[in-house]
Amino acid sequence: MVRSAYAAFVAVVLLLAGSLCLAGPARADGANLAANPGFETHDLTGWSCAPTASVVTSPVHSGSYALAASPTGSDTAQCAQTVAVQPNAAYTLSAYVEGAYVYLGADGYSSTWTPSATSWQQLSTSFTTGATTTSVTLYLHGWYAQGTYHADDVSLTGPGGGTTPQPPATPGGLAVTGTTSSSVTLSWNASSGATGYTVYQGSAKAASVTATTATIGGLAANTAYSFSVTATNSAGESARSAAVGATTQPTGSGGGPAAWHPSYLSIGTVYTPGSTVDSYFSTLKSHGPLPNYGYEYLIGGDFSNWAATTTTMVNHSEQFGMTPVLVDYGMNGNVDGTSVDFTNMQNASWLTTYFGALKNAASAAASAAPGKPVGWVIEPDMLGYLQQNYAASYGNDASRMPAATHAAYSAGVLASGTDPAFGDNLRGLTEAITYTIKKYDPAAFVGWQVNTWGVRDALKDTDSMGWTAGRQSVVNNATQVADFAKSADIGYHADFVAFDQWGQDFGILRDPNPAADIRYLNAAHWSNYLLYVQTIRQSVGLPAVLWQIPVGHLNSTRTPSPTYWNASGVFPDLDNVTAEQNEDSASTFFYGDSFTSSGNNLSFYSSNPGGDPKVSVSGSTVTWGSHIPDAAAAGVVAILFGAGTGTGTYGVPEMVGTNQTGPGDFGYWVTRTQSYLRSPAALP
């Protein structure tokens, strides 16, 4: 679910670069253990800071100098230093700050912040070190795009420790050991004292690993890249190694469409095989082309049946000419809870069962359709919930979030020494899941799903901020989500990135004021959604697939109905009360339509702040042109419509049972889909 934007402003700690040597005898309680606390060395000596940080002469709290740092849309402008401390000892950390959303804390311990300090304000927090702690990292930072902050007179009081650990030496022997059309694999020599390594792609951080190898995914085909690596430990980060160059391989088809999708923007539907469902699709086939894809869930509460479900799904979908797509919803255990995935991913017993089921399903897909593409949308909502609720505590870095990835090896699904060594963190888990699917079904095409609410839902920011500023806000939010997704390495051996739209079939809410409800979207908001999708998919270097897009439509459509669905030749209005008869604007936006409206609805759906030439109004009639070409231009290669959870999103049959023998929206979506597929939009 979407949280308040302010709830996302919890203390954030980033894996820190740089170090400070504080050799010498232990100091007594009361002495300031922080080095260069007032920045009176005239520079940032003793601090490791973002590039936008500097020392200024005004404003200052005391002395002649203070820190100034400016967050960007993708960086919090952090400054930090590592200080030697004693185990089981009490410490007080304080600093004077100015600015909006300024944070002060100790990595792994406590933190504090202020939402707005218009003049110098002292922040203070206390903590007690652990039984084995000999150093802590202090940090100051602002928040994304919230303006320059200032800091001065930093103080850490408590018993001094011994010599601060030193960062490891620069790794040597960096080499390219393999390339594909979308990835580069690197290796290097171990550095004494290192607890981890950071790989840089050009000047940008690309991966954090504990092994001496890494695969950087999400790259463009036939493109040259430069990489370097540093070693890290609790004291900081080494200098970068000498850079090596690598060029990704060209695509196998010379730049044409991938094997798993056609050369036009394709369409998919939810599809769960069964007698009434298959009968419906047989009837539908007699009226025109069927969707390109059919998708079905594999849920965490049904691990033992994953292989059988996959076999049935693959066999039945292929009889209708639809490419099967499996939606892996395992980490949440079929419980849509915000903390379930975080708990399960750290549970080795759970992951042992999960990886076993994943192997069985992928093997079943390969057996049922040898050499043929079977799709996977992996772990809907998982990354969204983790970013929304936990990522800030780990510096928004998935490589620091714990996960029991080793269970894949102890379960015998992956083999140590033969398969890559994936780390016991979220990044390693993400890589291991994708790798496992492709290990047991090499023809699979795979993508991780991300959410519009991973930070907060910004799709309506253009309403409150104006078109230009609101669109920039959408990009800023998308950039934060993309950065977290890249830290989780969702591009590793992946073929696409998937996006849902959580406000499905909003008509069930029956809100008389759609402008005030986040779930109601007009054409401008859908355009913002495509901007969000484009920003992330370009950042991760993968095509986009829209998934679980609702099949409802806006009432009073001017599109005539085939008489085999409605003898009157008219699509009746959805009453927003009966199960499966709920309005939504997705089909109307993507396929285009004219419809009549009134009151608040007319005002809302006729709104066109961005001057979209495909939106027009004549009296009470609103016309939206087809936006599928816009989706294709944004990098979308497929739109998978249909049910997610609850009867509000069905519209087409999902399973055998009550209300699942025909289209709940009176046949609107399937009519528009078949009409589109007779003359689909070519991909760029």
Enquirer: Can you check whether Thr269 reaches Met322 side chain to side chain, under 4.5 Å on heavy atoms?
Expert: yes
Enquirer: Once you round to the nearest 0.5 Å, how far does CG of Leu298 lie from CG of Asp328?
Expert: 6.5 Å
Enquirer: Yes or no on side-chain contact (heavy atoms from CB on, under 4.5 Å) for Asp381 and Asp500, after CA distance, side-chain angles and deciding distance?
Expert: CA-CA 9 Å; Asp381 298 343; Asp500 74 345; 4.0 Å; yes
Enquirer: Roughly how far apart are Asn528 CG and Leu459 CG, rounded to 0.5 Å?
Expert: 6.5 Å
Enquirer: With a 3.5 Å distance limit and no angle check, can you tell me whether Asn344 reaches the backbone of Met331 through a side-chain donor-acceptor pair?
Expert: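 Checking the backbone N and O of Met331 against the side chain of Asn344, a donor-acceptor pair under 3.5 Å is found.
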Enquirer: Is there side-chain contact between Pro380 and Val327, with at least one heavy-atom pair below 4.5 Å?
Expert: yes
Enquirer: Is Trp113 close to Tyr101 at the side-chain level, that is, under 4.5 Å between some pair of heavy atoms?
Expert: yes
Enquirer: Which of these passes side-chain contact (heavy atoms from CB on, under 4.5 Å) with Tyr264: Asn292, Ile628, Val637?
Expert: Asn292
Enquirer: Could you please spell out the steps behind the side-chain contact (heavy atoms from CB on, under 4.5 Å) verdict for Asn477 and Val481?
Expert: CA-CA 6 Å; Asn477 273 268; Val481 172; 5.7 Å; no
Enquirer: Between the side chains of Asn476 and Gln472, is a donor N or O closer than 3.5 angstrom to an acceptor N or O?
Expert: yes
Enquirer: Please examine the side chains of Ser585 and Trp526, heavy atoms only from C-beta on, and report whether any two atoms are closer than 4.5 Å.
Expert: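 They are in side-chain contact.
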Enquirer: Quick check: closest heavy atoms across Gly491 and Leu542, and the distance to 0.1 Å?
Expert: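 Closest pair (atom of Gly491, atom of Leu542, distance): CA-CD1, 4.0 Å.
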Enquirer: Could you give the distance from OH (Tyr591) to OH (Tyr676), rounded to the nearest 0.5 Å?
Expert: 7.5 Å
Enquirer: For Gly99 versus Thr114, what's the shortest heavy-atom pair and its separation?
Expert: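 Gly99 and Thr114 have their closest heavy atoms at O-CG2, 4.5 Å.
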Enquirer: Does a salt bridge link Asp630 with Lys614, judged by any charged N lying under 4.0 Å from a carboxylate O?
Expert: yes
Enquirer: Given 3.5 Å as the limit, does a donor-acceptor pair link the side chain of Arg510 with the main chain of Asn576, or not?
Expert: yes
Enquirer: Identify which one of Asp489, Thr434, Thr430 satisfies the side chain to side chain donor-acceptor pair (under 3.5 Å) criterion when paired with Trp448.
Expert: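 With Trp448 as partner, Asp489, Thr434, Thr430 yield a single side chain to side chain donor-acceptor pair (under 3.5 Å), made by Thr434.
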Enquirer: Would you confirm whether the ring centroid of Phe445 sits within less than 6.0 angstrom of the ring centroid of Trp260?
Expert: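 Yes - the distance between ring centres of Trp260 and Phe445 falls below the 6.0 Å cut-off.
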Enquirer: If only atom types and distance count, is the side chain of Thr310 paired as donor or acceptor with the main-chain N or O of Trp306 below 3.5 Å?
Expert: yes
Enquirer: Supply the atom-to-atom distance Leu326 CG to Met313 CE, rounded to the nearest 0.5 angstrom.
Expert: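 If we round to the nearest 0.5 Å, Leu326:CG and Met313:CE are 6.0 Å apart.
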Enquirer: With side chains defined as the heavy atoms from C-beta onward, is the minimum distance between Leu546 and Tyr529 less than 4.5 Å?
Expert: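 In short, these two side chains touch, coming nearer than 4.5 Å.
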Enquirer: Does Glu379 reach the main-chain N or O of Gly330 with its side chain, forming a donor-acceptor pair under 3.5 Å?
Expert: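 Here the side-chain-to-backbone pair exists.
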Enquirer: Determine, stepwise, if the pair Tyr668 / Val551 fulfils side-chain contact (heavy atoms from CB on, under 4.5 Å).
Expert: CA-CA 8 Å; Tyr668 179 90; Val551 298; over 6 Å; no
Enquirer: Would you give the length of the straight line joining atom OH of Tyr329 to atom CD1 of Ile299, rounded to the nearest 0.5 angstrom?
Expert: 10.0 Å
Enquirer: For Gly635, does its backbone N or O pair with a side-chain atom of Gln538 as donor and acceptor, under 3.5 Å?
Expert: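 Absent.
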Enquirer: Are Tyr144 and Thr76 close enough, and set up right, to give a side-chain contact (heavy atoms from CB on, under 4.5 Å), and what steps lead you there?
Expert: CA-CA 5 Å; Tyr144 299 100; Thr76 59; 3.8 Å; yes
Enquirer: State whether a side-chain donor-acceptor pair under 3.5 Å links Ser626 with Arg672.
Expert: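 No, Arg672 and Ser626 have no side-chain donor paired with an acceptor closer than 3.5 Å.
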Enquirer: For the residue pair Trp624 and Phe590, is the inter-centroid distance of their aromatic rings smaller than 6.0 Å?
Expert: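 Not close enough - the centres of the two rings lie 6.0 Å or further apart.
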Enquirer: Looking just at side-chain N and O atoms, do Tyr297 and Thr309 make a donor-acceptor pair shorter than 3.5 Å?
Expert: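 No, Thr309 and Tyr297 have no side-chain donor paired with an acceptor closer than 3.5 Å.
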Enquirer: Less than 4.5 Å apart, any side-chain heavy atom of Leu383 and any of Gln449?
Expert: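 Heavy-atom side-chain distance check fails, nothing below 4.5 Å.
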Enquirer: Is the backbone of Phe589 close enough, under 3.5 Å, to the side chain of His627 for a donor and an acceptor to pair up by distance?
Expert: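 Looks like yes, one N/O pair under 3.5 Å.
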Enquirer: Got Tyr149 and Pro71 here, is their nearest side-chain heavy-atom distance under 4.5 Å?
Expert: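 Yes; the side chains approach each other to less than 4.5 Å.
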Enquirer: Do the side chain of Thr283 and the main chain of Ser279 share a donor and acceptor less than 3.5 angstrom apart?
Expert: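 Present.
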Enquirer: Hey, which of Phe281, Tyr280, Tyr564 is the one that makes ring pair (Phe, Tyr, Trp, His ring centres under 6.0 Å) with His287?
Expert: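 Between His287 and the candidates, ring pair (Phe, Tyr, Trp, His ring centres under 6.0 Å) is satisfied uniquely by Tyr564.
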Enquirer: Any side-chain to backbone donor/acceptor pair from Ser487 onto Ala398? Under 3.5 Å, distance only.
Expert: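 Yes; judged by distance alone, with no hydrogens or angles, the pair exists.
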Enquirer: Are the aromatic rings of Phe604 and His525 close, with centres under 6.0 Å apart?
Expert: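 They qualify: ring centres under 6.0 Å apart.
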Enquirer: Search all heavy atoms of Ala586 against all heavy atoms of Pro550 and return the closest pair with its distance.
Expert: CB-O, 3.6 Å
Enquirer: With sequence neighbours excluded, give me every side chain to side chain donor-acceptor pair (under 3.5 Å) pair touching residues 596-610.
Expert: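 Side chain to side chain donor-acceptor pair (under 3.5 Å) check on residues 596-610 returns no pairs.
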Enquirer: Mark yes or no for whether Asp461, through its side chain, and Ala469, through its backbone, hold a donor-acceptor pair below 3.5 Å.
Expert: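 No, the answer is negative, given that no donor and acceptor are paired below the 3.5 Å cut-off.
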Enquirer: Flag the pair Tyr520 / Phe506 as yes when their ring centroid distance falls below 6.0 Å, and as no otherwise.
Expert: yes
Enquirer: Do you know the tightest heavy-atom contact between Ser473 and Arg456?
Expert: OG-NH2, 3.3 Å
Enquirer: Determine whether Val636 and Phe499 make a side-chain contact, defined as any pair of heavy atoms from C-beta on separated by less than 4.5 Å.
Expert: no
Enquirer: Work out which heavy atom in Lys460 is nearest to a heavy atom in Ala515; give both atom names and the distance.
Expert: NZ-O, 3.4 Å
Enquirer: How long is the span from the OH atom in Tyr295 to the CG atom in Leu640, to the nearest 0.5 Å?
Expert: 7.0 Å
Enquirer: At their closest point, which heavy atom of Leu602 faces which heavy atom of Ser620, and how far apart are they?
Expert: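 Looking at all heavy atoms of both residues, the closest pair is CD1-O, 4.0 Å.
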Enquirer: Checking side chain to side chain donor-acceptor pair (under 3.5 Å) against Asp593, which of Thr623, Thr557, Thr588 comes through?
Expert: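 The side chain to side chain donor-acceptor pair (under 3.5 Å) with Asp593 is passed solely by Thr557 among Thr623, Thr557, Thr588.
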Enquirer: Side chain of Asp573, backbone of Asp575: donor and acceptor closer than 3.5 Å?
Expert: no
